Amino acid sequence: MLCYHFSRMSNHEIAKLLREIAASYTIKNDKKFRFQIIAYQKAADAIDNTNFEIQDLYKENKLNIVPGIGISIKGHLEELFQKGKVAHFDWVKEGISEAVFPLLDIPTFGPKRAYKLTKEFNLKNSDTVIEDLEKIAKEGKISSLKGFGEKSEKEILRAIKEYKEGKKKTIRMPLPYAFELTEKVVDYLKKSNAILEARPLGSLRRMMATVGDVDIAVSTNNPKQALEYFVNYPFKERVVEKGPTSASILVSGGKQVDLMTQPPESFGSLLQHFTGSKGHNIHLRELALKKGMSLSEYGIKKISKKEENIEKFNSEEKFYKALGMDFVPPEIREDTGEIELALEHKLPNLVELKDIKGDLHIHSNYPIEPSHDLGRNSMQEIIKKAEDLSYEYVGFSEHNPSISKHKEKDIEKIITKRNKKIEQLSKSNKNIRIINLLEVDIMPNGKLAINENFLSFFDAVIVSIHSSFAMNKREMTKRALSGLSHPKAKIFGHPTGRKINERNGYELDWDEIFEFVKKHKKALEINAWPNRLDLPDSIVRESVKKGVKMVINTDSHEVSQMDLMKYGVAVARRGWATKDDILNTLPYNRFIEWIKS
DNA sequence: GCCGTTTTCGGCCCGACTGTTTTCAGTCG
């Protein structure tokens, strides 16, 4: 019997276990357990997405605050944490080899096929199952199996090969990377005269921090020609599938691009359908069902009417209106309360890029001899760029001078000189107001990496953590709060320290951080750097709920990077932030009043 | 197994595509 290391199971491991239960139910009897399967998958999704550590919630007896965890699953998880195993889970998994589960990470493998193959060939070792199966396929033993054939055998070999090359179901691209990839495909599509419009949708349109597949919707009166053109995309690796209304290709690097088509008169329903999220759409359709309507990418069917009449929608606004709802911004279509508010016409006015009046986290090339990397452009070039972006103000915030390389006297000299430079620039640039900042390390002991006497040289400083990430939650929270406690420390930079696809970031006690930041009128940064996007959207949402203010910054080291602001705004929108929640939407006078307060 | 301004019982989204099938099962989004 398998025992789990219950002393410390991460949310991800717990979610994985619940997905294994869903898969096992599917294998046992997918019709009989249809709703259990959905329930376990939903619970797994919820656990993957929550900000709370599930084991912490268990200790506080608050597991049921996670939507999707009800009486049964709560009980099972409690048993898991107490005993390290769950009798009911063992029952569900009975007769199913552990070797089934690694196969589920490979595209085209679902529970049924994985089970059939492991059972037929008596595969028991979950560490070697993929290699074992590959060998069997190469020997041509799969094609003779009932329900399999030559093609599926080849498909299995290809899927395993691609999986080994790193094309797993779970690997996701950072948002800006996905943007560039998509732009190339969309530009190509627009050159076809069969294609009237092409728009990226899915998680990309919802501006999620990471994107799995790229989804593109096409408006066309000639789907056959449009799809033929699509699958001939010059940078394609291969065609995954192609039908009369949709097709999928793999492009360079093995990323999948899905294309769906509709004629212009139904394009609105298609946009809505293909933007998702899955949870948002399911909720919407359940709601519609209760009103006697059935929703799909084709439009709205009235169930009561005998004739198969589908009402079509050329715009999303009209589609939502037909359901009695306001248009829901794509960024918040995650089924976390937006549907209810759209019905009551009470959706928040989310912050927009044009609301941003300044960027405070920019590294110039001023020779400050910093602890970390210097920027590449001059302060003057940055000011010029800020003008181009129609900002009112800009903040210079190079890293603090390295304390290991300088004596305090040298640091004082460097800062004094920099201050004079900023003063002079302020006089010569009337269109852009300059805010004199610095990004200062919070050292492991909680002290700032600059003598506190020097802080008076600045309007304020951004404090952030760049080292010793392995500290525990308690110590890290203490460290962060200590760093923020100086009156000049106004902004907590990239607060979680995460790097997407690289590291998770350290743990903090968010309730304590929120309380402190709010009480002392500080702000949390939403850092727009592509693989940071930090704060994560879910923590922005909590900040908004708690009334904690934020600023959105690019952390630019080069002027072109100041354009990354849109990704930071996207994160803020995904966290339901309005203009009022974001301090750098304030005009200069009010912003400077805050930062000097 | 979860959930609730139609319900604490009786519901639970909707469709595309492929391969192995002679009408459907499996996977995916």
Side-chain angles (χ1 to χ4, degrees), chain A residues 18 21-23 25-27 30-46 63-64 66-77 88 92 103-104 106-117 142-156 159 169 201-203 211-217 223 227 231 239-248 256-262 269-270 272-301 303 310 335 339-340 343-344:
Chain A
L18 295 187
I21 302 304
Y25 265 131
T26 311
I27 293 163
D30 65 337
K31 295 209 167 54
K32 184 177 171 190
F33 297 117
R34 188 175 152 211
F35 298 112
Q36 280 85 346
I37 293 163
I38 294 169
Y40 273 90
Q41 284 167 342
K42 257 193 165 171
D45 288 343
L63 278 173
N64 51 323
V66 179
I69 297 184
I71 292 171
S72 290
I73 294 181
K74 177 172 185 271
H76 296 326
L77 290 179
H88 178 69
V92 180
L103 293 176
L104 300 181
I106 305 174
T108 74
F109 279 84
K112 300 279 186 89
R113 296 212 310 157
Y115 176 69
K116 259 189 203 164
L117 291 166
I142 290 177
S143 53
S144 54
L145 240 53
K146 197 178 175 220
F148 292 83
E150 296 271 329
K151 281 188 176 174
S152 26
E153 188 169 80
K154 275 187 190 154
E155 189 58 43
I156 285 169
K169 282 179 192 170
L201 304 176
S203 50
V211 175
D213 295 344
V214 168
D215 302 313
I216 299 173
L227 288 164
V231 299
V239 179
V240 178
E241 58 186 31
K242 179 169 171 278
T245 60
S246 69
S248 298
Q256 188 166 324
V257 181
D258 301 335
L259 193 90
M260 280 183 101
T261 64
Q262 281 296 313
S269 324
L270 181 66
Q272 199 288 320
H273 165 81
F274 220 0
T275 297
S277 65
K278 186 176 154 195
H280 177 87
N281 282 358
I282 288 176
H283 190 163
L284 214 58
R285 287 168 189 181
E286 283 175 351
L287 206 82
L289 216 52
K290 288 171 189 165
K291 294 182 182 173
M293 298 183 276
S294 171
L295 312 183
S296 75
E297 62 266 47
Y298 298 104
I300 300 181
K301 247 189 300 197
I303 297 169
I310 292 182
D335 193 23
I339 291 175
E340 292 82 352
L343 283 164
E344 296 169 23

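This one's a predicted model, so the numbers in the text were calculated from it and none came from an experiment. Each chain gets a letter, A, B and so on, in the order the sequences are listed, and its residues count up from 1. Side chains included, hydrogens not; waters and symmetry mates left out as well; all remaining heavy atoms used.
One finds no side-chain N or O of A:Thr108 lying less than 4.0 angstrom from the OP1 or OP2 phosphate oxygen of B:dG26. Applying the 4.0 Å criterion to OP1 and OP2 of B:dG1, one finds that A:Tyr25 has a side-chain N or O inside that range. Note on A:Ser72: a side-chain N or O is less than 4.0 Å away from OP1 or OP2 of B:dC2. Listed pair A:Tyr298 / B:dA16 meets the phosphate criterion, a side-chain N or O lying under 4.0 Å from OP1 or OP2. Between A:Lys112 and B:dG26 there is a side-chain polar atom (N or O) within less than 4.0 angstrom of OP1 or OP2. Taking only side-chain nitrogens and oxygens, A:His283 never comes nearer than 4.0 Å to OP1 or OP2 of B:dC12.
B:dG19 and B:dC13: their P atoms are spaced 29 Å apart (whole Å). Nucleotides B:dC17 and B:dT22, compared at atom P, are 22 Å apart to the nearest Å. The gap from the C1' atom of B:dT8 to that of B:dG1 amounts to 15 Å, rounded to the nearest Å. Across B:dT21 and B:dA16, the matching P atoms stand 24 Å from one another, rounded to whole Å. Taking atom C1' on both nucleotides, B:dT20 is separated from B:dC14 by 24 Å, rounded to a whole Å. Going from the P atom of B:dC28 to that of B:dT23 covers 26 Å, rounded to whole Å. Using atom C1' as the reference point in both B:dC12 and B:dT6, the two lie 16 Å apart (nearest Å).
Nucleotide B:dC3 holds its P atom 14 Å from the CD atom of A:Gln36, rounded to whole Å. Following rounding to the nearest Å, A:Ile216 (CD1) and B:dG29 (P) show an atom-to-atom distance of 15 Å. As a whole-Å value, the separation of A:Arg285 CZ from B:dG29 C1' is 10 Å. Atom-to-atom, CD1 of A:Ile303 to P of B:dC14 comes out at 7 Å; the value is rounded to the nearest Å. In this structure, A:Phe148 places its CZ atom 15 Å from C1' of B:dC24, rounding to the nearest Å. Nucleotide B:dC14 holds its P atom 12 Å from the CG atom of A:Leu287, rounded to whole Å. Atom NZ in A:Lys151 sits about 5 Å away from atom P in B:dG19, given to the nearest Å. Atom-to-atom, CD of A:Glu297 to P of B:dC14 comes out at 11 Å; the value is rounded to the nearest Å.
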Could you walk me through whether A:Asp30 and A:Lys112 pass salt bridge (charged side-chain N to carboxylate O under 4.0 Å, His left out), step by step? CA-CA 9 Å; A:Asp30 65 337; A:Lys112 300 279 186 89; 3.1 Å; yes
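Using a 4.0 Å heavy-atom cutoff across all strands shown, A:Lys290 reaches at least one base atom of the nucleic acid. Contacts of A:Ile73 with the nucleic acid, taken as non-hydrogen atoms under 4.0 Å apart, involve only primed sugar atoms and P, OP1 or OP2. Using a 4.0 Å heavy-atom criterion, one finds that A:Glu340 contacts no nucleic acid atom at all. Across all strands, A:Tyr40 comes closer than 4.0 Å only to sugar-phosphate atoms, never to a base (heavy-atom distances). A:Ile38 comes within 4.0 angstrom of no nucleic acid atom, judged by non-hydrogen atoms across all strands. Residue-level contact check: A:Leu284 touches neither bases nor backbone, having no heavy atom under 4.0 Å from any strand. Using a 4.0 Å heavy-atom cutoff across all strands shown, A:Leu295 reaches sugar-phosphate atoms only and no base atom. When heavy atoms are screened at a 4.0 angstrom cut-off, A:His280 is found touching no nucleic acid atom at all.
Listed candidates were B:dC13, B:dC14, B:dC3. Nearest to the side chain of A:Ser294 is B:dC14. In the set B:dT27, B:dA16, B:dT18, the nucleotide with an atom closest to the side chain of A:Glu241 is B:dT18. Comparing atom distances between the A:Ser246 side chain and each of B:dA16, B:dC13, B:dG26 picks out B:dA16 as nearest. Out of B:dG1, B:dG26, B:dT20, the shortest distance to the side chain of A:Ser152 is found at B:dT20. Among the nucleotides B:dG29, B:dC13, B:dC2, the one closest to the side chain of A:His273 is B:dG29. Minimum atom distance to the side chain of A:Arg113 is reached by B:dT27, of the listed B:dT18, B:dT27, B:dG1.
Taking a pair to require two hydrogen-bonding distances under 3.5 Å in either a Watson-Crick or a G-U wobble arrangement, B:dC24 pairs with B:dG19.
Nucleotides of DNA chain B nearest to A:His76 and A:Lys31 differ in position, and the one nearer the 5' end is that of A:His76. Residue-to-nucleotide proximity on DNA chain B shows that, of A:Pro244 and A:Glu286, the 5′-proximal contact is made by A:Glu286.
Here the closest non-hydrogen pair linking A:Ile73 and A:Ala43 is CD1-CB, 3.8 Å. A:Ala288 and A:Leu295 make their closest contact through CB-CG, 3.5 Å (heavy atoms, listed as atom of the first residue, atom of the second, distance).
In this structure, A:Lys291 places its NZ atom where more than 12 heavy-atom neighbours from other residues, nucleotides or ligands lie under 6.0 Å away. By the neighbour-count criterion of 12 heavy atoms within 6.0 Å, atom CD of A:Glu150 is sparsely surrounded, having that number or fewer from other residues, nucleotides or ligands.
In this structure the side chain of A:Gln36 never reaches within 4.5 angstrom of the side chain of A:Val92, judged on heavy atoms. Side-chain contact check for A:Asp258 versus A:Gln256: some heavy-atom pair is nearer than 4.5 Å.
Below 30°, between 30° and 60°, or above 60°: for A:Tyr25 and A:Tyr40 the angle between ring planes is between 30° and 60°, a tilted geometry.
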